[in-house]
Amino acid sequence: MPITIAPSILNADFSRLADEIARVPSADALHVDVMDNHFVPNLTLGLPVVEAIKRCTELPLDLHLMIEDPDRWAPAYAEAGAASVTFHLEAAQAPVRLARELRRLGAKAAIGLNPATAVEAVGPILGQFDMVLLMTVEPGFGGQGFLDLVLPKIKALRRLARAQDLALAVQIDGGVSLETIERAAAAGADSFVAGTAVFKADQPDVMVERLRRAAGLAHREQP
Ligand code: DX5
Ligand code: ZN
């Protein structure tokens, strides 16, 4: 799978979102964090804002739903034109049905796992998904420290996907920076969400390129 960098707008300036998005033209996708104050202790944005973002950028939208009852709410984000929709295993009632619904609506289906959730939990249903998002912080806020305890999970997930001969994207989200991206890529991650590292950089687009290059070099070092 190619290396992809998806800047998270969570730590961008929400009062001038269109300008902020225009600062990362080299991004492979734009990561949009939807939080409902129930699944996580933070509240961000919902469908109307996603529709507005869709109107102001050509970048594919990578939706990350940190919400309860994704079975009910996730399809609308696919209908709004999201390229991929990630819902959390911990919140879903019927993940297989929801994944199929998202694909039917034209989006890539992705499932998110919190740090404490074992990757083996998605083993039997991996073939239903285009991507698995492994949280490398507890979800809810940007700017937290990368959890190295997730590195063995990245390796285990890669092994699971390889055993099933699946072309699965492995995304990590939380604390991704020039300091942490190499070890995640070396473990087998190929899709990287970066909020603070990109939007707090002096030149966000240069940071996107630097992260991509660092990940690409480390990924190639894999045996
Ligand atoms: C956290 C969000 C992340 C967040 C990452 O729950 O899912 O996407 O924006 O931010 P950084 O890169 O600052 O850890
Ligand atoms: Zn996210």
Side-chain angles (χ1 to χ4, degrees), residues 4-14 17 20-21 23-24 27-46 49-50 53 59-68 70 73-74 77 82-92 107-117 129-151 153-154 169-185 189-202 204-205 207-208 210-212 214-215:
T4 57
I5 306 292
S8 161
I9 57 168
L10 188 61
N11 274 7
D13 180 348
F14 272 32
L17 212 40
E20 292 279 78
I21 292 167
R23 296 175 79 197
V24 289
D28 298 287
L30 199 66
H31 185 85
V32 182
D33 291 302
V34 175
M35 304 186 188
D36 67 352
N37 225 0
H38 291 275
F39 182 69
V40 287
N42 195 6
L43 185 66
T44 54
L45 52 87
V49 176
V50 170
I53 293 170
L59 291 175
L61 300 187
D62 175 36
L63 264 289
H64 180 192
L65 307 181
M66 285 158 279
I67 60 172
E68 286 183 357
W73 302 110
Y77 292 93
S84 55
V85 178
T86 301
F87 63 89
H88 271 259
L89 177 67
E90 299 87 355
K108 289 187 172 167
I111 191 148
L113 271 56
N114 287 341
T117 305
F129 295 94
D130 301 288
M131 181 168 84
V132 174
L133 180 163
L134 296 180
M135 289 302 310
T136 38
V137 297
E138 292 289 1
F141 302 92
Q144 305 181 75
F146 181 89
L147 292 173
D148 278 286
L149 59 85
V150 182
L151 292 172
K153 288 177 60 179
I154 300 173
V170 176
Q171 185 178 65
I172 60 158
D173 183 7
V176 172
S177 68
L178 282 175
E179 200 264 309
T180 58
I181 197 166
E182 290 176 3
R183 50 193 194 266
D190 49 24
S191 176
F192 303 88
V193 177
T196 309
V198 169
F199 280 104
K200 300 296 184 207
D202 290 336
D205 209 45
M207 182 55 74
V208 169
R210 291 180 71 192
L211 288 168
R212 189 186 289 115

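Each ligand, and each atom within it, is numbered from 1 in the order the structure gives. Each residue takes its place number in the sequence, starting with 1.
Residue-ligand proximity: D33 is placed with a non-hydrogen atom under 4.0 Å from ligand 1.
Atom ND1 is the N, O or S atom of H64 at the shortest distance from the Zn ion (ligand 2).
The OG1 atom of T86 sits 5.5 Å away from atom CD of Q171, with the distance rounded to the nearest 0.5 Å. In this structure, the separation between CD1 on I53 and CG on L17 is 5.0 Å, given to the nearest 0.5 Å. Y77 OH to L63 CG: the interatomic distance, rounded to the nearest 0.5 Å, is 7.0 Å. Here the CG atom belonging to L133 is positioned 6.0 Å from the NE2 atom belonging to H88, to the nearest 0.5 angstrom. Atom CZ of F146 is separated from atom CG of L151 by 4.5 Å, given to the nearest 0.5 angstrom. Between T117 atom OG1 and L89 atom CG the span is 6.5 Å, to the nearest 0.5 Å.
The protein heavy atom nearest to atom 13 (O) of ligand 1 is T196 OG1, 2.4 Å. In this structure, atom 5 (C) of ligand 1 lies nearest to the protein heavy atom D173 OD1, 3.6 Å. Of the protein's non-hydrogen atoms, F141 O, 3.6 Å is the one closest to atom 1 (C) of ligand 1. Annotation: atom 9 (O) of ligand 1 to nearest protein heavy atom, S8 OG, 2.7 Å. Closest to atom 10 (O) of ligand 1, if we only count protein heavy atoms, is G142 CA, 3.5 Å. Protein heavy atom closest to atom 12 (O) of ligand 1, with residue, atom name and distance, is G195 N, 2.7 Å. Of all protein heavy atoms, the one lying nearest to atom 6 (O) of ligand 1 is G140 N, 2.7 Å.
Here's the thing with A197: none of its N/O atoms is less than 3.5 angstrom from an N/O atom of ligand 1. Ligand 1 has no N or O atom lying under 3.5 Å from any N or O atom of A194, backbone or side chain. Here's the thing with N11: none of its N/O atoms is less than 3.5 angstrom from an N/O atom of ligand 1. For ligand 1, the polar-atom distance check against E138 finds no nitrogen or oxygen pair separated by under 3.5 Å.
Rounding to the nearest 10°, we obtain 170° for the angle at the Zn ion (ligand 2) between D33 OD1 and D173 OD2.
Near H64, the atoms of ligand 1 lying under 4.0 angstrom from a non-hydrogen atom of the residue are 7 (O). Close approach of ligand 1 to P139 (heavy-atom distance below 4.0 Å) involves ligand atoms 6 (O). Every atom of ligand 1 is numbered from 1 in the order shown, and the set under 4.0 Å from a heavy atom of H31 is 8 (O). Each of the atoms 11 (P), 13 (O), 14 (O) of ligand 1 lies under 4.0 Å from some heavy atom of G143. Close approach of ligand 1 to V193 is summarised as follows: ligand atoms under 4.0 Å from at least one heavy atom of the residue are 8 (O). Using a 4.0 Å cut-off to heavy atoms of M66, the atoms of ligand 1 that qualify are 6 (O), 7 (O). The ligand atoms of ligand 1 that sit less than 4.0 angstrom from a heavy atom of G174 are 14 (O).
Looking at D36, its side chain does come within 3.5 Å of a backbone N or O of E68 through a donor-acceptor pair. A donor-acceptor contact shorter than 3.5 Å is absent between the side chain of D190 and the backbone of A169. Proximity of a side-chain donor or acceptor of T44 to a complementary backbone N or O of D33 within less than 3.5 Å is detected. Looking at D130, its side chain does come within 3.5 Å of a backbone N or O of A109 through a donor-acceptor pair.
For the pair M207 and L178, the minimum side-chain heavy-atom distance is below 4.5 Å. The closest side-chain heavy-atom distance from L65 to F39 is not below 4.5 Å. Side chains of M135 and V150 form no contact here, defined as non-hydrogen atoms less than 4.5 Å apart.
Nearest-heavy-atom check against atom 14 (O) of ligand 1 across S177, A6, G175 picks out G175.
Heavy atoms of L10 found under 4.0 angstrom from ligand 1 belong exclusively to the side chain.
Shown here for D173 and H64, the closest heavy-atom pair between the two residues is OD2-ND1, 3.1 Å.
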